[in-house]
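Numbers restart at 1 for each chain; the letters A, B, ... are given by sequence-line order, proteins then strands. Note: hydrogens, waters and symmetry copies are ignored here, and every other heavy atom, side chains too, is used. What you are looking at is a predicted structure, and each value in this text was computed from that prediction instead of being measured.
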Protein chains: 2
Amino acid sequence: MHNSRLEAATALFIRRWGEMGASWGISRTMAEIHALLFLTTEPLCTDDIMERLQVSRGSASTNLRQLVNWGLIYRVHQRGDRKEYFEAEHDVWQMFEIITRERSRREVQPIVETIEKCLEMISQDGDAETTPRAEAARRRMAAMHDFFSTMNRLFNLMVKVGPRGLSPMTRAIEKLQRLA
Amino acid sequence: MHNSRLEAATALFIRRWGEMGASWGISRTMAEIHALLFLTTEPLCTDDIMERLQVSRGSASTNLRQLVNWGLIYRVHQRGDRKEYFEAEHDVWQMFEIITRERSRREVQPIVETIEKCLEMISQDGDAETTPRAEAARRRMAAMHDFFSTMNRLFNLMVKVGPRGLSPMTRAIEKLQRLA
DNA sequence: CAATAGTTTCAATGACGATTGAAAGATTCC
DNA sequence: GGAATCTTTCAATCGTCATTGAAACTATTG
């Protein structure tokens with residue numbers, strides 16, 4: 001490997017991807033491993049990753065497992081080799097779907113359920129006089145709930161139309177907007 | 001205040017909002033303060049927040065400043081009172097716009113710029129023979145770049161149609177999808 | 001079945017960001 | 001101006017979460 005520009009570009013991308021991950025609540029190393037595998041054509045083994053990213057075996061193992069768990073990378077086996085190799089999901093659209101769906105399931109579902117519970121709790125007071133205070137809180141929680149369900153529907157729609165459809169669709173609506 | 005169900009619901013919502021924030025890279029306390037102000041009708045002062053959330057004056061001050069910085073809460077003044085009070089942006093849609101725009105500016109713009117830089121770096125090798133390896137990396141980075149710009153356009157569109165428009169629009173497209 | 005190769009686990013450690021509280025800095029009031 | 005009230009700052013501390021590395025575990029090989 002003597003393609004130094006490619007190496008430099010790869011390193012730069014990996015660093016930034018790691019930083020972005022960190023600020024979105026994903027461990028820097030996990031994001032870096034993901035970036036490395038995303039850019040690399042051939043599958044890599046644990047030792048490759050340890051060397052390229054200078055991390056311990058334990059960390060590599062843990063983070064790889066988590067990435068497999070998310071569905072963002074796959075375990076692959078090389079014929080005639082005992083080692084396990086890893087390969088990333090390379091389709092950006094697929095990645096988006098996976099990440100959004102997982103985060104939704106793990107992190108927004110709980111809050112949606114909580115909101116529902118809260119709404120029940122508040123409206124049980126409704127037998128008595130509803131205080132303005134309670135009514136205001138109820139309305140805001142309801143608005144939040146609506147927001148999440150609209151976003152959820154929109155996401156499902158995006159997944160359905162897919163990347164091929166989304167861009168033209170967006171453009172079409174933009175055009176309609178401009179006319180209106 | 002004797003509306004115990006409302007209090008319980010509020011506390012529950014705040015706790016969960018804080019947890020969600022934490023897993024999205026926002027400090028738990030900052031998210032909790034935001035939730036408290038979101039649910040409360042009248043503006044609150046620093047001492048109210050310290051008491052309700054059991055945090056120090058320093059922490060309250062810092063987190064409030066950050067929230068003001070994000071544009072998610074406003075400083076308001078009560079006539080005949082020297083204290084500063086805080087009020088949240090109560091419109092959920094507006095909140096979404098603010099959060100998305102800020103996160104985009106702070107956290108996705110840098111990666112987009114990095115991708116552009118990387119693409120340049122790689123294509124400068126293009127004078128020489130482009131290795132398959134470099135070509136694969138280039139293609140993936142380009143796909144990622146496309147993804148971000150599509151998402152950006154979609155976001156602008158959503159903001160333009162607004163909440164009133166989005167839900168019907170989504171439904172309309174869903175219907176078209178079902179027919180196709 | 002023992003030896004070898006590879007992977008996972010987990011207690012200890014480390015790094016980093018958040019929080020605290022007291023001191024310094026503003027602002028308003030008389 | 002200076003006393004009173006409120007806010008911000010920041011060095012020290014605390015808590016949390018990721019990482020380390022060695023030991024335990026699993027799976028292949030001859």
Side-chain angles (χ1 to χ4, degrees), chain A residues 14-15 17-37 43-70 72-87 103 106-107, chain B residues 14-15 17-37 43-70 72-87 103 106-107:
Chain A
I14 290 172
R15 209 172 324 131
W17 196 252
E19 284 164 13
M20 190 177 74
S23 72
W24 283 81
I26 284 151
S27 116
R28 177 181 260 74
T29 302
M30 186 169 146
E32 286 187 350
I33 293 177
H34 178 244
L36 173 59
L37 288 169
L44 300 180
C45 69
T46 306
D47 292 271
D48 294 333
I49 284 154
M50 288 168 62
E51 200 198 317
R52 292 284 300 262
L53 264 32
Q54 294 291 306
V55 294
S56 73
R57 188 170 298 282
S59 180
S61 172
T62 304
N63 284 298
L64 284 166
R65 181 158 42 81
Q66 281 191 92
L67 283 166
V68 170
N69 232 268
W70 272 73
L72 288 171
I73 67 174
Y74 309 108
R75 286 174 201 279
V76 298
H77 296 277
Q78 303 280 59
R79 176 154 307 286
D81 190 335
R82 269 156 83 165
K83 283 206 281 292
E84 259 186 317
Y85 287 76
F86 299 89
E87 190 174 33
R103 291 213 98 152
R106 299 179 191 198
E107 289 139 16
Chain B
I14 290 171
R15 208 173 323 132
W17 196 252
E19 285 165 10
M20 191 177 73
S23 73
W24 283 81
I26 285 152
S27 116
R28 176 181 262 78
T29 301
M30 184 170 146
E32 286 187 350
I33 293 178
H34 179 243
L36 173 59
L37 288 169
L44 300 180
C45 69
T46 306
D47 292 272
D48 294 333
I49 284 156
M50 287 168 63
E51 200 197 316
R52 292 284 299 265
L53 264 28
Q54 294 293 305
V55 294
S56 72
R57 187 170 299 281
S59 180
S61 172
T62 305
N63 284 299
L64 285 166
R65 181 159 40 83
Q66 282 190 91
L67 283 166
V68 170
N69 232 268
W70 273 74
L72 287 170
I73 68 173
Y74 310 108
R75 288 174 199 278
V76 297
H77 297 275
Q78 304 279 61
R79 177 155 306 285
D81 191 335
R82 268 159 81 165
K83 281 206 283 288
E84 257 185 318
Y85 287 76
F86 298 90
E87 190 174 33
R103 291 213 96 155
R106 300 179 192 198
E107 289 138 18

Heavy atoms from other residues, nucleotides or ligands near CD of B:Gln78 exceed 12 (cutoff 6.0 Å) = yes
With a 4.5 Å limit on heavy-atom distance, are the side chains of B:Thr46 and B:Phe86 in contact?
-> yes
Taken to the nearest whole Å, NZ/B:Lys83 to P/D:dT5 is 11 Å
Does the side chain of B:Gln66 come within less than 4.5 Å of B:Ile26's, by heavy atoms?
-> no
Whole-Å distance between C:dA26 P and B:Glu84 CD?
-> 15 Å
Under 4.0 angstrom between B:Thr46 side-chain N/O and D:dC6 OP1 or OP2 | no
Roughly, in whole Å, what's the span from NE2 in B:His77 to P in C:dT28?
-> 9 Å
Side chains of A:Ile73 and A:Leu44: closer than 4.5 Å at any heavy-atom pair?
-> no
Nearest-angstrom distance from the residue atom CD of A:Glu32 to C1' of D:dA18 = 13 Å
Are any non-hydrogen side-chain atoms of A:Glu84 and A:Leu64 less than 4.5 angstrom apart?
-> no
Measure from CG on B:Leu67 to P on C:dA18 and round the result to the nearest Å.
-> 13 Å
Is the shortest heavy-atom distance from the side chain of B:His34 to the side chain of B:Trp70 under 4.5 Å?
-> no
Length of the line joining A:Asn63:CG and C:dC10:P, which is rounded to integer Å | 17 Å
For atom CG of A:Asp81 and atom C1' of C:dT4, their distance in whole Å = 14 Å
Of all the nucleotides listed (C:dT9, C:dA18, D:dC6), which has the minimum atom distance to the side chain of A:Arg65?
-> C:dT9
pair B:Thr29-B:Leu53: side-chain heavy atoms closer than 4.5 Å | no
Return the polar atom pairs (N/O with N/O) between nucleotides 25-30 of chain D and the protein under 3.5 Å, or none.
residue : atom : partner : partner atom : Å
D:dT28  : O2   : A:Arg82 : NH2          : 3.3

Roughly, in whole Å, what's the span from CG in B:Asn69 to P in D:dT8?
-> 12 Å
Is any side-chain N or O of A:Arg28 closer than 4.0 Å to OP1 or OP2 of D:dC17?
-> no
Contact residues, residues 53-61 of chain B to DNA chain D [heavy atom, < 4.0 Å] | B:Arg57, B:Gly58, B:Ser61
Consider the side chain of B:Ser27, meaning its heavy atoms from C-beta on, and name the nucleotide among D:dT8, C:dT19, C:dT7 that approaches it most closely.
-> C:dT19
For B:Tyr85 and B:Cys45, work out which heavy atoms get closest and say how close.
-> CD2-N, 3.6 Å
Side-chain N or O of A:Arg75 closer than 4.0 Å to phosphate OP1/OP2 of C:dT8 = yes
Between the main-chain N or O of B:Gly58 and the side-chain N or O of B:Thr62, is there a donor-acceptor pair closer than 3.5 Å?
-> yes
